[in-house]
Asks: 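Below are the C-alpha cells for one structure; questions will follow.
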Amino acid sequence: MTQNTNPEILVKVQVEDDIATLTLNRPEKRNALSLRVVEQLRQAFENLPDTVRVAILAGEGVHFCAGLDLSELSETTTAEGVQHSFKWYEAFSKIQFGRFPVICVMQGAVVGGGLELASAAHVRVADDTTYFGLPEGQRGIFLGGGGSVRVSKLIGFSRVTEMMLTGHVLDAKEGLAINLTHYVTPQGQAMEKARELARKIAGNAPLSNFAIMNALPLIAEQPMSHGLFTEALMASITQGAPEAKERVNAFLEKRAAKVSLG
Ligand code: 1HE
C-alpha cells in the first residue's frame, strides 16, 4: 500500500499544460475524508491557475475513497454536524460549479462520502476493481455530503434507498449500468482514459464547457417552460461568441473533424 510521505499534503496538485490532477493523498486511511482533506480539496480547486481547462480528481492507492473519516464523528455535536455538512457542500460545489469540468478516476472502494464526492464530478471513469456502496445505514448515520441530492439525481432515490437500507455493494459493471460511472476500464487504466477524455474536453470552447456544467443541472430542476427559456438564452450566448463562429466555419470549410465512432 502506498504511504503518504508528507502527512501535511492531503491533496496533491499537479498542473500540466491546461490539465490539473488533484489526488487525495491519504492512502493509509483509504483516503477517508477528514475535514482537513475536505478543506484542502476546496482550497486546491479554488487556487488552480486560470490556464486550467479540465481537472482530474483521483485517489492515491488501491481505493478511491472510504468516505467520511469516521474517527472524527464521535466527538461531534448536532450543531457541529450541520456545519460539517456545509463545509463538504462548499467544497463539492466548487467541483460541480467551478470554471472547468472535472473527471473523477475511481478504483477500489467508492463508498459513502467517497461516492458523494465522485457524484460532484462531471465525468466518472472506473476500472474493474471499482465498487460502490452507501454503508451509512450500517454505521447508524445518514448521507451528509450532498449525496441525497447528487447520487439520487444520478440513479434515482429508490436505488439510493435500497443501497442504504441493505448495504448492497455494486461492482463496476453494475455501476455503469445505472449511471454511477460513465466508463469502466481494465484495472489500472482509468487514469489513462481520464487523460484522453481530459484532452478532448480541453479542446472544446471553454464557454460551451461552462454552459454544459452550469446550465444543465439548473435546467433539469426548472419547469419545462423555464428550462426551454434558459436553454434558448444559453444557446444564443454561446453561438454569439467569436470562437463559436470560427469553429462552425472550420467545419463548413472542411477544416474540422467530423463526428465519428471511436
Ligand atoms: C478509516 C475509514 C473511514 C478506512 N474512516 N478510518 N465509510 C465506511 O463505512 C467505509 C469504512 N472502510 C472500509 O469499509 C474499508 O476500510 C475499505 C473497504 C474502504 C478498505 O478496506 P481495507 O481492508 O483496504 O483497509 P482497512 O484495513 O479497513 O483500513 C485501513 C485503515 O484505514 C484502518 O486504520 P488503521 O489505523 O487500522 O490502519 C481503517 O480504520 C482506516 N479507515 N476507512 C476512518 N471511513 C458526510 S457523510 C458521509 C457518510 C459516510 O461516508 S458513511 C461511510 C463511511
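Both ligands and their constituent atoms are indexed starting at 1 by order of listing.
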Asks: Would you say Y131 and ligand 1 have an N/O pair spaced under 3.5 Å apart?
Replies: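 No - when backbone and side-chain N and O of Y131 are compared with those of ligand 1, no distance drops under 3.5 Å.
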Asks: So if I count the atoms of ligand 1 from 1 in the order they appear, which ones are less than 4.0 Å from some heavy atom of R139?
Replies: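 Near R139, meaning under 4.0 Å from one of its heavy atoms, ligand 1 has 8 (C), 9 (O), 11 (C).
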Asks: Counting only nitrogen or oxygen atoms and a 3.5 angstrom limit, does G113 reach ligand 1?
Replies: yes
Asks: Hey, does F64 sit under 4.0 Å from ligand 1 if you only count heavy atoms?
Replies: no
Asks: Could you list the atoms of ligand 1 found under 4.0 angstrom from a heavy atom of G145?
Replies: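 This gives 46 (C) as the contact atoms.
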Asks: Could you list which atoms of ligand 1 come closer than 4.0 Å to a heavy atom of I141?
Replies: 49 (C), 52 (S)
Asks: How about T230 and Q222: does a side-chain donor come under 3.5 Å of a side-chain acceptor?
Replies: yes
Asks: Please report whether ligand 1 has a polar contact with V111, defined as an N or O pair separated by less than 3.5 Å (distance criterion only).
Replies: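 Between V111 and ligand 1 (N or O atoms, distance only) the closest approach is not under 3.5 Å.
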Asks: I'd like to check whether P135 has a polar contact with ligand 1, where a contact means an N/O of the residue lying under 3.5 Å from an N/O of the ligand.
Replies: no
Asks: Please determine whether a side-chain nitrogen of the Lys or Arg among R195 and E16 lies less than 4.0 Å from a carboxylate oxygen of the Asp or Glu.
Replies: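 No salt bridge links R195 with E16.
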Asks: Check this for me, if you would: do E39 and R42 make a salt bridge, where the nitrogen-to-carboxylate-oxygen distance has to be below 4.0 angstrom?
Replies: yes
Asks: For ligand 1, find out whether one of its N or O atoms is nearer than 3.5 Å to an N or O atom of E116.
Replies: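 No; every N/O pair is 3.5 Å or more apart.
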Asks: Please work out whether the ring planes of F45 and F100 are parallel, tilted or perpendicular, with thresholds of 30° and 60°.
Replies: parallel
Asks: Non-hydrogen atoms of E72 versus ligand 1: any pair closer than 4.0 Å?
Replies: no
Asks: Output yes when a side-chain donor or acceptor of S85 lies under 3.5 Å from a complementary backbone atom of V82, and no otherwise.
Replies: no
Asks: Which is closest to atom 45 (N) of ligand 1 in terms of heavy atoms, L73, L68, D69?
Replies: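 The option holding the nearest heavy atom is L68.
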Asks: Using a strict cut-off of less than 4.0 Å between a Lys/Arg side-chain nitrogen and an Asp/Glu carboxylate oxygen, indicate whether D69 and R26 qualify as a salt bridge.
Replies: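 Salt bridge between D69 and R26, a charged N being under 4.0 Å from a carboxylate O: yes.
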Asks: Would W88 count as being in polar contact with ligand 1, using the rule that some N or O on each side must be under 3.5 angstrom apart?
Replies: no
Asks: Counting heavy atoms only, which of A66, S71, G67 is nearest atom 8 (C) of ligand 1?
Replies: A66
Asks: If we count only N and O atoms by modelled type, under 3.5 Å, do the side chains of E80 and T76 hold a donor and an acceptor together?
Replies: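 Result is no, nothing qualifies.
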Asks: Below 4.5 Å, heavy atoms only, C-beta onward: do T23 and V11 meet side chain to side chain?
Replies: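 No, too far: nothing below the 4.5 Å cut-off.
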Asks: Is any NZ, NE, NH1 or NH2 atom of the basic residue among E174 and R159 found under 4.0 Å from an Asp or Glu carboxylate oxygen of the other?
Replies: no
Asks: Should the pair E246-R255 be classified as a salt bridge under the 4.0 Å nitrogen-to-oxygen rule?
Replies: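 Yes, E246 and R255 are salt-bridged.
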Asks: Return the option from H84, E136, K29, Q138 holding the heavy atom at the smallest distance from atom 42 (N) of ligand 1.
Replies: K29
Asks: Against ligand 1, does E28 come closer than 4.0 Å with any heavy atom?
Replies: yes
